Amino acid sequence: METISLKTLSMEGKIYVGTDVISTRLPLLTATQNNFVVTDDHVYVLYRKFFDKYFQNAEIYVLSSGEENKNFHSLNAILEKMAGAGMRRSSRLFAVGGGVVGDIGGLAAALYMRGISYVQIPTTLLAQVDSSVGGKTAVDLGGIKNVVGAFYQPCEVLVDPTFLNTLSEREIKCGIGEIVKYAALDSELFDILEQNLGKFSDVTFWKNLISTCIQYKVKVVEIDEKEQGERRCLNVGHTTAHAIELSSVLSHGESVLYGMLLETKMALMAGVCEKKYGERLLKIIHEAISLPPHIKTQSFDIETNAKKTLLDKKNREDHQITMAVAKAKGEWTILTLPFEKYKELLFAVNAND
């Protein structure tokens, strides 16, 4: 079991990675206080024995799976059940599931009685390498992803790669999108992916990179917990990706891959990304996109996507689109474009895809 510490101004948390983290840490975390669990219907059915073993005395809220359920209605239902169950400030919330469960569960913990302790138990590759770490919690509102939320750190994150054995190819690919994002930021991870393009279909290959991704994110979050500076790098590909996700059938991680593809090409056209490096990065992105399932973006409308990016919370000025983009190996930068220029480049790079 590997232990990674995350220290911010708000608190110090621990991230445990390994196949023995559940049996080692969970009995300690559930002892001596009332526990409340947020999970989704897919995870609850799949891991019913896990819940019966570790949370037999806990209140469990089972959320309907899917991004569309990460909303105020669901959040209110969770908070009402917490209050009805008599949860106190000494109680602890456990978010067991993927990114949606972690986001809404963490926000419920942040709001209930102005904040109670919570633990992330991520069950997807995307949640294990990215969303469970760093304290971002949120729900969607008005067709905008994560627009209402809080920075609220979990006391512990329990990352058990064994959960990944039950994931579909599409769920693995969703997590790969975030790992490729880290490769665009970290030169060591970039080299690993570039040198192992033929291993992208091997789940074990990705499992071995979980700790590397977490350590990179921890380093960034410790520098900039509330995304005022350095943490903005973790949005590489995400401005366009969030709009794609809301406008198509693609998952978050798949959308990140396409967002990185389009934004890297725009950065090359705008002259802010070094040409040879950008071409190497695009090769990695294409390799990841080509993994099954082969979901295309035919349903993705450029005009609709461009308009949706205007609502992205990362934009700092009206009619300006702000993107974090790869600049060179191990380097990133902010690319801000007037809306009409962004739309022009988006049409151009999509036509050439």
Side-chain angles (χ1 to χ4, degrees), residues 2 4 15 17-18 98-99 102 120 122-134 136 157 159-221 231-242 244-245 250-264 277-278 280-293 295 324-326 329-332:
E2 181 180 3
I4 303 170
I15 302 147
V17 184
Q120 290 270 12
T123 61
T124 65
L125 181 60
L126 182 147
Q128 292 192 358
V129 300
D130 189 71
S131 64
S132 67
V133 176
K136 276 190 175 182
V157 182
V159 179
D160 184 352
T162 306
F163 282 116
L164 307 185
N165 295 337
T166 59
L167 295 186
S168 66
E169 288 182 324
R170 188 177 188 189
E171 288 170 322
I172 292 294
K173 188 173 182 178
C174 188
I176 291 171
E178 293 291 351
I179 296 176
V180 173
K181 173 196 75 177
Y182 285 113
L185 300 168
D186 180 65
S187 58
E188 177 185 355
L189 191 53
F190 179 92
D191 287 340
I192 291 173
L193 295 196
E194 188 175 50
Q195 293 164 13
N196 290 277
L197 295 178
K199 296 181 180 179
F200 278 22
S201 59
D202 182 359
V203 176
T204 301
F205 172 70
W206 301 108
K207 285 183 179 181
N208 292 334
L209 298 179
I210 291 172
S211 178
T212 304
C213 293
I214 291 173
Q215 289 175 7
Y216 185 87
K217 185 166 189 179
V218 164
K219 178 179 68 174
V220 171
V221 172
R231 190 168 180 174
R232 297 171 72 189
C233 74
L234 300 177
N235 292 317
V236 163
H238 280 59
T239 297
T240 303
H242 281 169
I244 292 173
E245 185 178 0
L250 299 182
S251 69
H252 176 74
E254 292 164 338
S255 299
V256 168
L257 286 172
Y258 278 104
M260 287 185 62
L261 178 71
L262 296 170
E263 290 184 7
T264 300
Y277 163 74
R280 292 165 66 191
L281 177 59
L282 287 173
K283 187 174 181 179
I284 292 173
I285 297 170
H286 275 293
E287 184 75 11
I289 287 176
S290 70
L291 294 171
I295 300 173
V325 296
K329 188 176 179 182
E331 298 180 38
W332 67 284

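Computed from a predicted structure; not experimentally measured.
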Does some side-chain heavy atom of [Y] sit less than 4.5 Å from a side-chain heavy atom of [X]?
X	Y	result
Ile15	Val17	yes
Arg232	His238	no
Val203	Leu167	no
Val159	Ile214	yes
Asn165	Thr162	yes
Leu125	Ile210	yes
Phe205	Leu193	yes

Does the [X] side chain pair with the main chain of [Y], one donor and one acceptor, at a distance under 3.5 Å?
X	Y	answer
Lys173	Ile289	yes
His286	Ile284	no
Ser132	Ala127	yes
Glu169	Pro292	no

Search all heavy atoms of [X] against all heavy atoms of [Y] and return the closest pair with its distance.
X	Y	result
Ala184	Val236	CB-CG1, 4.3 Å
Thr123	Leu164	O-CD2, 4.1 Å
Pro122	Phe163	O-CD1, 3.9 Å
Ile176	Ala288	CG2-CB, 3.9 Å
Glu171	Ser168	OE1-N, 3.0 Å
Ala183	Leu189	N-CD2, 3.8 Å

Please name the residue in the list Val129, Leu257, Leu234 that meets the side chain to side chain contact (heavy atoms under 4.5 Å, CB included) test with Glu178.
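When Val129, Leu257, Leu234 are each tested with Glu178, the side chain to side chain contact (heavy atoms under 4.5 Å, CB included) holds only for Val129.
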Test side chain to side chain contact (heavy atoms under 4.5 Å, CB included) applied to Leu261 and Leu282, Val180, Leu281, Val256, the passing residue
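In the set Leu282, Val180, Leu281, Val256, the residue that makes a side chain to side chain contact (heavy atoms under 4.5 Å, CB included) with Leu261 is Leu282.
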Output all residues satisfying side-chain contact (heavy atoms from CB on, under 4.5 Å) with [X], sequence neighbours left out; order by chain, then residue number.
X	value
Ser187	Lys329
Ser255	Ala241, Ile244, Glu245, Leu250
Thr239	Glu263, Thr309, Asp312, Lys314, Ile321, Met323
Ser201	Leu291

Sequence neighbours excluded - salt bridge (Lys or Arg N to Asp or Glu O under 4.0 Å) pairs with any residue from residues 193-212
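Passing the test, one end in residues 193-212: Glu194-Arg280.
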If you look only at pairs with a residue in residues 123-134, which of them pass as a salt bridge (Lys or Arg N to Asp or Glu O under 4.0 Å), with sequence neighbours excluded?
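Listed by first then second residue: Asp130-Lys181, Asp130-Lys217.
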Rounded at 0.5 Å granularity, tell me how far [atom1] in [X] sits from [atom2] in [Y].
X	Y	atom1	atom2	answer
Ser131	Lys136	OG	NZ	11.0 Å
Cys233	Tyr216	SG	OH	4.5 Å
Ile179	Ile192	CD1	CD1	10.5 Å
Cys213	Leu185	SG	CG	10.0 Å

Please name all residues satisfying side chain to side chain donor-acceptor pair (under 3.5 Å) with [X], sequence neighbours left out, ordered by chain then number.
X	value
Glu2	Ser211, Gln215
Ser251	Glu254
Asp186	none
Thr204	none

As a quick check of understanding, evaluate side-chain contact (heavy atoms from CB on, under 4.5 Å) for Val133 and Val221, giving each step before the final call.
CA-CA 9 Å; Val133 176; Val221 172; 5.6 Å; no
Is the distance from the ring center of Tyr277 to that of Phe190 below 6.0 Å?
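Ring centroids of Tyr277 and Phe190 are less than 6.0 Å from each other.
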Sequence neighbours left out, what passes ring pair (Phe, Tyr, Trp, His ring centres under 6.0 Å) with Trp332? Give chain and number order.
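Applying ring pair (Phe, Tyr, Trp, His ring centres under 6.0 Å) to Trp332 gives none.
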